[in-house]
Amino acid sequence: MELYFFNTKTRKKELFQPQQPPRVGLYVCGPTVYDYAHIGNLRAYVFSDILRRVLEYNNFQVHQVMNITDVGHLVSDADEGEDKMLVGARRQKKSPFEIADYFTEAFFNHTQRLNIKDPTIACRATDHIQEMIDFVQVLLDRGYAYEISDGIYFDISRFPHYGKLSRLNLEEQLEGARVEVNPEKKHPADFALWRKAPANHIMQWPSPWGMGYPGWHIECSAMGLKYLEGFFDIHTGGVDHIPIHHENEIAQNWGFTGKEVVRFWMHSEFLQVEGGKMAKSLGNIYTLEDLEEKGFDPLAFRYLLLNAHYRKKVNFTWEALEGAQRALERLRENFLRFKEASPGRGNQKGPEQFRTEIERAFNDDLNVPRALALTWDILRGEDPTLEYYKLLLEVDRVLGLGLEQVERPPVEEIPGEIKKLIEQREEARKKRNWEEADAIRDHLEEQGIRLIDTPQGVRWERIKKKGS
RNA sequence: GGCGGCAUAGCCAAGUGGCUAAGGCGGAGGACUGCAAAUCCUCUAUUCCCCAGUUCGAAUCUGGGUGCCGCCUCCA
């Protein structure tokens, strides 16, 4: 089946075909590891995960590269900028390298709990300083870069297509520029490839231009070209990367290779909180831990994201997350019916028709919400046959809700005390002493034990304790 | 100041010219129950921010208005 993706470069859905099928080179703009990833960051990785899974669903062999940016990013383009890694290090009283290690581990811990597949290659910027130096040297040799007092800069006047991806008019942009321009730069939008480090800068490496450290943007080009062997079938990131970061990558890649090396640019929209921006000042920046502390399953957050299309802003609210958690629980419950093949109702559509429609949704620029709706159609109304069970597992290869691992909690040995109470309640019920029976039931509920009366007798299950 | 996006039920959201406007959450009613819970069933937008227009036909296209959001800061 044909696969279509929306390409930011053309702002259109285009037929996807990798350069060397079945191999697909996928580059995912990774994290800067100076702090915990928040749920907005994580949305971008759930998106790239879905993308990767849809590619794999289509039998492509995905070679996914992700950068781990563990080298300082200046906060602004001006000299007084603070280095994020350094700020993080100072706060934690650790070396920048320790900080990077710590947050890298935290990052993958979070992504794994969201069932996000690990990249084929995760590469650290600090392990590729030489590649970046070589890259900058080539740009200098070819006249795409120039040296000034504080570093090496890319000369965008040498690249006529600068601004094409974001469709920005450079001259108009400059009118309202809020950043002080380094007067030594030839053009205000020229960007740093390599920065000369002041003596007290912790992270610095020797280079042909003295001690220093790489500019941002450069690691994605150097590492991406290295590990994807010169061609990116797809390059992803958040929409915020379109105007600066990816524009700069395109420019420097052009300077280095003399051609466009990215076929598809795909960007995920932002996650908003209560309809607005997530910001420290608003106190609404949440991490996965914050959600878990409130009793939410990380996969409920994944479900919430699956319910919306990646190119639309999604509105994160606690109410919506509760809805997602509930839906996920019910989805699992329904799935078990199929696993256990208990009887269901009749159906109109056969598994093949569902399979085709779901695949069509996936392949139409990752219309996961549509695929989810179809999944519910299967779960709600269809016969729980083995065929449907297999189809659900197949669909979950993309959804990534971990259905394969879902099973009924094992029958636990009932703690004696609780067993006694249950028996006591049954006695009371026989005597039609409802007051006592209900009191016991309420008591057990507070202990996290829910009783389920069935015609076959009393069942029980563990639930979350009230108020937790 | 410049650029761009969005507006669909209480909430989260699909759908972008033509079947009865997906799906989930919530809510209502029913079955079951001693009563509940859990589960299951049914219902839940004559209408897609407003106003004009194009068209045989528009939530979907065009123009205007209103509201919200984002970017132009090394924030996904």
Side-chain angles (χ1 to χ4, degrees), chain A residues 11 28-32 37-48 69 72-78 81-84 166-180 189 191-192 215-217 236-245 248 267-272 275-280 285 303-309 311-328 330-331 333-334 337 344-345 361 367-377 379-380 429 432-435 437-438 441-442 445 450-455 459 461 463:
Chain A
R11 310 282 156 113
V28 174
C29 254
T32 300
H38 59 245
I39 57 176
N41 299 128
L42 293 172
R43 180 182 189 191
Y45 302 110
V46 169
F47 151 67
S48 57
T69 296
H73 281 182
L74 288 178
V75 166
S76 80
D77 207 15
E82 281 241 65
D83 187 304
K84 283 185 175 173
S166 47
R167 304 193 170 176
L168 290 178
N169 180 324
L170 270 187
E171 305 313 314
E172 283 172 1
Q173 286 301 306
L174 295 173
E175 304 278 327
R178 282 183 273 162
V179 181
E180 293 242 353
F191 55 93
W216 195 37
H217 323 303
T236 73
V239 285
D240 54 320
H241 281 160
I242 299 171
I244 304 284
H245 183 49
N248 292 354
H267 297 92
S268 56
E269 249 300 347
F270 268 42
L271 174 128
Q272 301 193 331
K277 190 180 181 172
M278 250 196 314
K280 276 192 182 131
I285 292 188
Y303 185 97
L304 180 79
L305 296 177
L306 261 38
N307 189 39
H309 191 261
R311 282 192 289 116
K312 289 281 187 75
K313 291 180 186 74
V314 75
N315 190 17
F316 177 88
T317 64
W318 292 107
E319 190 185 354
L321 186 60
E322 273 165 33
Q325 169 114 351
R326 192 85 182 98
L328 178 62
R330 288 204 176 139
L331 189 148
E333 184 69 27
N334 275 283
R337 269 177 47 228
R345 294 173 302 159
N367 193 339
V368 180
R370 166 112 182 101
L372 242 195
L374 288 162
T375 302
W376 275 105
D377 283 343
L379 289 166
R380 288 280 195 225
R429 290 181 74 202
R432 306 182 74 81
N433 183 351
W434 310 126
E435 208 171 299
D438 291 353
R441 183 172 64 198
D442 291 347
E445 184 113 356
R450 171 190 284 156
L451 298 185
I452 301 155
D453 294 333
T454 73
R459 275 202 301 122
E461 64 184 21
I463 55 167

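Naming: A, B, ... by sequence-line order, numbering from 1 per chain. The shown structure was predicted, so the numbers you read here are calculated from the model rather than taken from an experiment.
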- Comparing A/N334 and A/A327 on RNA chain B - which has the more 5′ nearest nucleotide: A/A327
- Task: Check every strand shown and say whether A/E333 touches a base, only sugar-phosphate, or nothing at a heavy-atom separation below 4.0 Å.
- Result: nothing
- Message: Rounded to whole Å, how long is the line connecting atom CZ of A/F270 with atom C1' of B/C71?
- Response: 9 Å
- Query: Is there a donor-acceptor pair under 3.5 Å between the side chain of A/N315 and the backbone N or O of A/G275?
  - Reply: yes
- Query: Using atom C1' of each nucleotide, how far apart are B/U20 and B/U46 to the nearest Å?
  - Reply: 11 Å
- Item | Minimum-distance pair of heavy atoms, taken over all atoms of A/L305 and A/V314 | CD2-CG1, 4.1 Å
- Please tell me which of A/G323 and A/R432 maps to the more 5' nucleotide of RNA chain B, matching each residue to the nucleotide holding its nearest heavy atom. A/G323
- Item | A/F191 and A/H217: CA distance, side-chain angles, deciding distance, side chain to side chain contact (heavy atoms under 4.5 Å, CB included) verdict | CA-CA 9 Å; A/F191 55 93; A/H217 323 303; 3.8 Å; yes
- Message: Using only modelled atom types and a 3.5 angstrom limit, is any donor from either the side chain of A/D438 or the base of B/A36 paired with an acceptor on the other?
- Response: no
- Rounded to whole angstrom units, what separation is found between the NE2 atom of A/H245 and the C1' atom of B/C72? 17 Å
- Task: Could you state the atom-to-atom distance from CG of A/N315 to P of B/A7 in whole Å?
- Result: 13 Å
- Message: Between B/U66 and B/A28, how far apart are the two C1' atoms, rounded to whole Å?
- Response: 34 Å
- Item | Among B/A37, B/C6, B/U39, the nucleotide that comes nearest once only the side chain of A/I452 is considered | B/A37
- Looking only at B/C6, B/C74, B/C40, the nucleotide nearest the A/I244 side chain is B/C74
- Query: Of the nucleotides B/A14, B/G70, B/A76, which one has an atom closest to the side chain of A/Q272?
  - Reply: B/G70
- Message: Applying a 3.5 angstrom cut-off to the pairing atoms, does RNA chain B sit in any stems of at least three consecutive Watson-Crick or G-U pairs? List them by first number.
- Response: B:1-7 with B:66-72, B:10-12 with B:23-25, B:26-31 with B:39-44, B:49-53 with B:61-65
- When all nucleic acid strands are considered with a 4.0 Å heavy-atom cut-off, which category describes A/G40: base, sugar-phosphate, or nothing? base
- Task: For nucleotides B/C25 and B/U62, find the distance between their P atoms and express it as a whole number of Å.
- Result: 36 Å
- Any donor-acceptor pair under 3.5 Å linking the side chain of A/R337 with the backbone of A/L379? yes
- Message: Taking only the C1' atom of each, what is the distance from B/U8 to B/A58 in whole angstrom?
- Response: 14 Å
- How far does the P atom of B/C49 sit from the matching atom of B/A21, given to the nearest Å? 15 Å
- Ring-on-base stacking B/G34 with A/W434 (under 5.5 Å, under 30°): yes
- Query: Looking only at N and O atoms, is any donor in the side chain of A/R441 or the base of B/A36 less than 3.5 Å from an acceptor on the other one?
  - Reply: yes
- Query: Looking at side-chain heavy atoms only, is the closest gap between A/N334 and A/R380 below 4.5 Å?
  - Reply: yes
- Between B/A76, B/G15, B/A13, which nucleotide has the shortest distance from any of its atoms to the side chain of A/A308? B/A13
- Message: In whole Å, measure the gap between the C1' atoms of B/C61 and B/G18 for me.
- Response: 14 Å
- Message: Output the rounded distance in Å from CZ (A/R11) to C1' (B/U16).
- Response: 18 Å
- Query: Is the phosphate of B/A7, meaning OP1 or OP2, less than 4.0 Å from a side-chain N or O of A/K313?
  - Reply: no
- How does protein reach along nucleotides 18-23 of chain B, written 5' to 3' as B (base within reach of a heavy atom under 4.0 Å), S (only sugar-phosphate), or - (no contact)? ----BB
- Message: What contact category does A/H241 fall into here, base, sugar-phosphate, or nothing, at under 4.0 angstrom with non-hydrogen atoms?
- Response: sugar-phosphate
Mind listing the side-chain donor-acceptor pairs of residues 37-48 of chain A below 3.5 Å, one per line with the distance, residues two or more places apart or on another chain?
unit_1	atom_1	unit_2	atom_2	d
A/H38	ND1	A/N41	OD1	3.1
A/H38	NE2	A/N41	N	3.4
A/H38	NE2	A/N41	OD1	3.4
A/N41	OD1	A/H38	N	2.9
A/R43	NH1	A/E269	O	3.2
A/R43	NH1	A/F270	O	2.9
A/R43	NH1	A/K312	O	2.9
A/R43	NH2	A/H309	O	2.9
A/R43	NH2	A/K312	O	2.8
A/Y45	OH	A/C29	O	3.2
A/Y45	OH	A/G30	O	3.4
A/S48	OG	A/A44	O	3.4
A/S48	OG	A/Y45	O	3.2

- Task: Mind calculating the distance between CD (A/E269) and P (B/G4) to the nearest angstrom?
- Result: 15 Å
- Message: Considering every strand and a 4.0 Å limit on heavy-atom distances, what is the contact class for A/L271: base, sugar-phosphate, or nothing?
- Response: base
- Task: Please measure how far the P atom in B/U16 lies from the corresponding atom in B/G26, and state the result in whole Å.
- Result: 28 Å
- Task: Go through B/A76, B/G26, B/G15 for me and flag the one nearest to the A/A44 side chain.
- Result: B/A76
- Task: Tell me which nucleotide among B/C25, B/G34, B/A37 gets nearest to the side chain of A/R326.
- Result: B/C25
- Task: I would like to know whether A/Y303 and A/L331 meet side chain to side chain contact (heavy atoms under 4.5 Å, CB included); could you show each step before the answer?
- Result: CA-CA 10 Å; A/Y303 185 97; A/L331 189 148; 3.9 Å; yes
- Note on the structure: In this structure, NE2 of A/H245 is separated from CH2 of A/W216 (nearest 0.5 Å) by 4.5 Å
- Query: How far apart are the closest heavy atoms of A/A308 and A/P369, and which atoms are they?
  - Reply: C-CG, 3.5 Å
- Rounded to whole Å, NZ of A/K277 lies from C1' of B/C68 at a distance of 15 Å
- What interatomic distance, in whole Å, is found between P of B/C50 and the corresponding atom of B/C43? 27 Å
- Item | Atom pair distance, as rounded to whole Å: CH2 in A/W318 and P in B/G10 | 24 Å
- Item | Spacing of NZ belonging to A/K277 relative to NZ belonging to A/K313, to within rounding of 0.5 Å | 12.0 Å
- Message: Starting the side chain at C-beta, find the nucleotide from B/A13, B/G34, B/G4 nearest to A/V314.
- Response: B/A13
- d(CG, A/L306; P, B/C25) in whole Å: 15 Å
- How long is the span from the CH2 atom in A/W434 to the CZ atom in A/R441, to the nearest 0.5 Å? 10.0 Å
- For the pair A/R459 and A/D453, find out whether any cationic side-chain nitrogen is under 4.0 Å from an anionic carboxylate oxygen. no
- How would you label the contact of A/H267 with the nucleic acid (heavy atoms, under 4.0 Å): base, sugar-phosphate, or nothing? nothing
